[in-house]
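The figures that follow rest on heavy atoms only: side chains count, while hydrogens, waters and symmetry mates do not.
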Amino acid sequence: MKKVQWGVLGTADIARGATIPGMQRAESVSLYAIAGRRLEKAQQYQQAFGFEKAYGSYDELLADPAVEAVYVPLPNNLHCEWAVRALQAGKHVLCEKPLAMNEAEALRMFRTAEENRVFLMEAYAYLHSPFTAAVKQELDSGAIGEVKYMESAFLGGRRPDTDIRMRKETGGGAMYDLGCYPLSMILWLMGKEPEQVSASAYYTERRIDLYSSALLAFENDVVAEVTCGMPADAGRLDRLHILGTEGEIISPYRFNQRGEVSYTVIRGGQAETKTVSCPGNYTLETEQLSRCVLGEAVPHIPREFSLRVARTMDRILQAMGY
């Protein structure tokens, strides 16, 4: 099988702990190059994961003609700059979520991809999961009638104040870092954009939102709720609950969960629990973009969806006074 030569632009935790191990399991992915701000750090990744080359700067990796696709796991505020540079260098790009700081940046990134005839895809790994596809199929088939209410939540532990996720200039805060998960889940399952958006947040003294929530009002009086937060000294909470005119769907699914994942469909007082086998989503997303590069597919997460999420996120942040 032909493999696509991948480069990783940065040594972020998400790359080390999730995406690169996922890439190792992907049949059409070749771990060709890793770049860091320090060559020593890149070389550590090279030895740990088996990259062919290590570079001490991002520009060096982008100048390598053997690199076909690039994964960008940099801080949120650097996504646009380095994705654009990679796209201009003729590389296909998988960029971590959220794709950009706002819709204007996202539009610039997609225009650059189109001008250079390369693919750009946002890295919502969980949207590649068979679980997400199964729940979407339930809704599309009318398993619970017409959807009237949906809620999705993601709460994780608070980071130190020095962490990039706790700094406004790097796109920190609960809504940017965590809220994009439940927001994208809702927009993916609903398949459309909300007509009205309202939101509120609890802020630190440095104006970083520790807890945020948003209400999204769709046509025909359909409402969805996004909840996210960074509670101190607490564990993690993921939630998905969908209420329809003829039933409901409840799931304990964790975003990007692997293994056997269940959800329960309740209809007419009867509950049926279904199980879906989910391989690693990080493998699925890099395998999917590799197939696009090889001419066998189009991006699973399309331009229109990423722009919808970015546009809605802009409205949420404005509503909550971020």
The side-chain hydrogen bond (donor to acceptor under 3.5 Å, both in side chains) partner of Ser30 among Lys2, Lys3, Gln5 is Gln5

When you look at CZ of Arg236, are more than 12 heavy atoms from neighbouring residues, nucleotides or ligands closer to it than 6.0 Å? yes

Taking everything shown except Glu146 itself, do over 12 heavy atoms lie less than 6.0 Å from its CD? no

His128 and Trp188 aromatic centres sub-6.0 Å: no

Is it the case that over 12 heavy atoms from other parts of the model lie below 6.0 angstrom from the CD atom of Gln270? no

So do Glu285 and Thr19 actually touch side chain to side chain, heavy atoms under 4.5 Å? yes

Any Lys/Arg nitrogen of Asp233 or Arg158 sitting under 4.0 Å from an Asp/Glu carboxylate oxygen of the other? no

Contact check, side chains of Ser28 and Leu294, non-hydrogen atoms, under 4.5 Å: yes

Would you check if Leu107 and Glu103 make a side-chain contact, meaning some heavy-atom pair closer than 4.5 Å? yes

Any carboxylate oxygen within less than 4.0 angstrom of a Lys/Arg side-chain nitrogen, looking at Lys192 and Glu219? yes

Step by step, would you call Thr227 with Glu151 a side chain to side chain donor-acceptor pair (under 3.5 Å)? CA-CA 8 Å; Thr227 304; Glu151 63 180 22; over 6 Å; no

Step through the shown structure and confirm whether more than 12 heavy atoms of other residues, nucleotides or ligands are within 6.0 Å of CD on Gln196. no

Assess the side chains of Thr273 and Ser262: does a donor N or O sit below 3.5 Å from an acceptor N or O? no

Could you walk me through whether Arg25 and Glu287 pass salt bridge (Lys or Arg N to Asp or Glu O under 4.0 Å), step by step? CA-CA 9 Å; Arg25 294 187 290 269; Glu287 185 74 48; over 6 Å; no

Testing the 3.5 Å rule here: is there a donor-acceptor pair between the side chains of Glu96 and Tyr71? yes

Quick check: do Leu216 and Leu183 have side-chain heavy atoms less than 4.5 Å from each other? yes

What is the minimum heavy-atom distance between Pro231 and Gly235, and which atoms define it? CG-O, 4.5 Å

Answer yes or no: are there more than 12 heavy-atom neighbours, outside Asp221 itself, under 6.0 Å from its atom CG? no

Using a distance-only test with no angle check, is there a side-chain donor-acceptor pair under 3.5 angstrom linking Tyr211 and Ser200? no

Does any N or O in the side chain of Ser306 come within less than 3.5 Å of the main-chain N or O of Arg303, such that one atom is a donor and the other an acceptor? no

Would you tabulate the side-chain donor-acceptor contacts of residues 86-95 under 3.5 Å, counting partners in other chains and residues two or more places apart, or write 'none'?
{"from": "Lys91", "atom 1": "NZ", "to": "Asp64", "atom 2": "O", "distance (Å)": "2.7"}
{"from": "Lys91", "atom 1": "NZ", "to": "Val67", "atom 2": "O", "distance (Å)": "2.9"}
{"from": "His92", "atom 1": "ND1", "to": "Phe119", "atom 2": "N", "distance (Å)": "3.0"}

Check: Phe255 ring centre within less than 6.0 Å of Phe154 ring centre: yes

Flag side-chain contact, heavy atom, 4.5 Å: Phe49 against Gln24: yes

In plain terms, say whether Arg311 and Asp314 are close enough for a salt bridge, that is, a side-chain N and a carboxylate O under 4.0 Å apart. no

Checking the side chain of Asn102 only, and the main-chain atoms of Glu105 only, is there a donor and an acceptor separated by less than 3.5 Å? yes

Non-hydrogen side-chain atoms of Asp59 and Arg85 separated by less than 4.5 Å: yes

Between Glu138 and Lys274, does at least one N-O distance fall below 4.0 Å, as a salt bridge requires? yes

Pair Ser57-Glu60, side-chain donor/acceptor within less than 3.5 Å: yes

State whether the side chain of Arg38 and the backbone N or O of Gly56 hold a donor-acceptor pair below 3.5 Å, judged by distance alone. no

So for atom CZ, which belongs to Arg291, do other residues, nucleotides or ligands contribute more than 12 heavy atoms lying within a distance under 6.0 Å? yes

Under 3.5 Å, side chain of Asn76 to main-chain N/O of Gly171, donor-acceptor pair present? yes

One thing to verify: whether Lys97 and Glu122 come together as a salt bridge, which I'm taking to mean a side-chain N less than 4.0 angstrom from a carboxylate O. no

Please tell me whether Tyr322 and Tyr176 form a close aromatic pair, meaning their ring centres lie under 6.0 Å apart. yes

So for atom OH, which belongs to Tyr149, do other residues, nucleotides or ligands contribute more than 12 heavy atoms lying within a distance under 6.0 Å? yes

Okay, side chain of Asp177, backbone of Gly173: is any donor-acceptor separation there less than 3.5 Å? no

I'd like to know if the side chain of His79 reaches the main chain of Met101, judged simply by a donor and an acceptor atom lying under 3.5 Å from each other, with no hydrogens or angles considered. no

With distance as the sole test, does Asn256 use its side chain to make a donor-acceptor pair with the main-chain N or O of Tyr126 at under 3.5 Å? yes

Does the side chain of Arg258 reach to within under 4.5 Å of the side chain of Tyr282, using non-hydrogen atoms? no

Sub-3.5 Å donor-acceptor pair from the side chain of Asp163 to the main-chain atoms of Arg165, do we have one? yes

Do the side chain of Thr11 and the main chain of Lys41 share a donor and acceptor less than 3.5 angstrom apart? no

Is the CD atom of Glu114 crowded by more than 12 outside heavy atoms at less than 6.0 Å? yes

Looking at Pro279, is its backbone amide N or carbonyl O close enough to the side chain of Thr283 to form a donor-acceptor pair, meaning the two atoms are under 3.5 Å apart? no

Find out whether Phe218 and Met190 are in side-chain contact, i.e. whether some heavy atom of one side chain is under 4.5 Å from a heavy atom of the other. yes

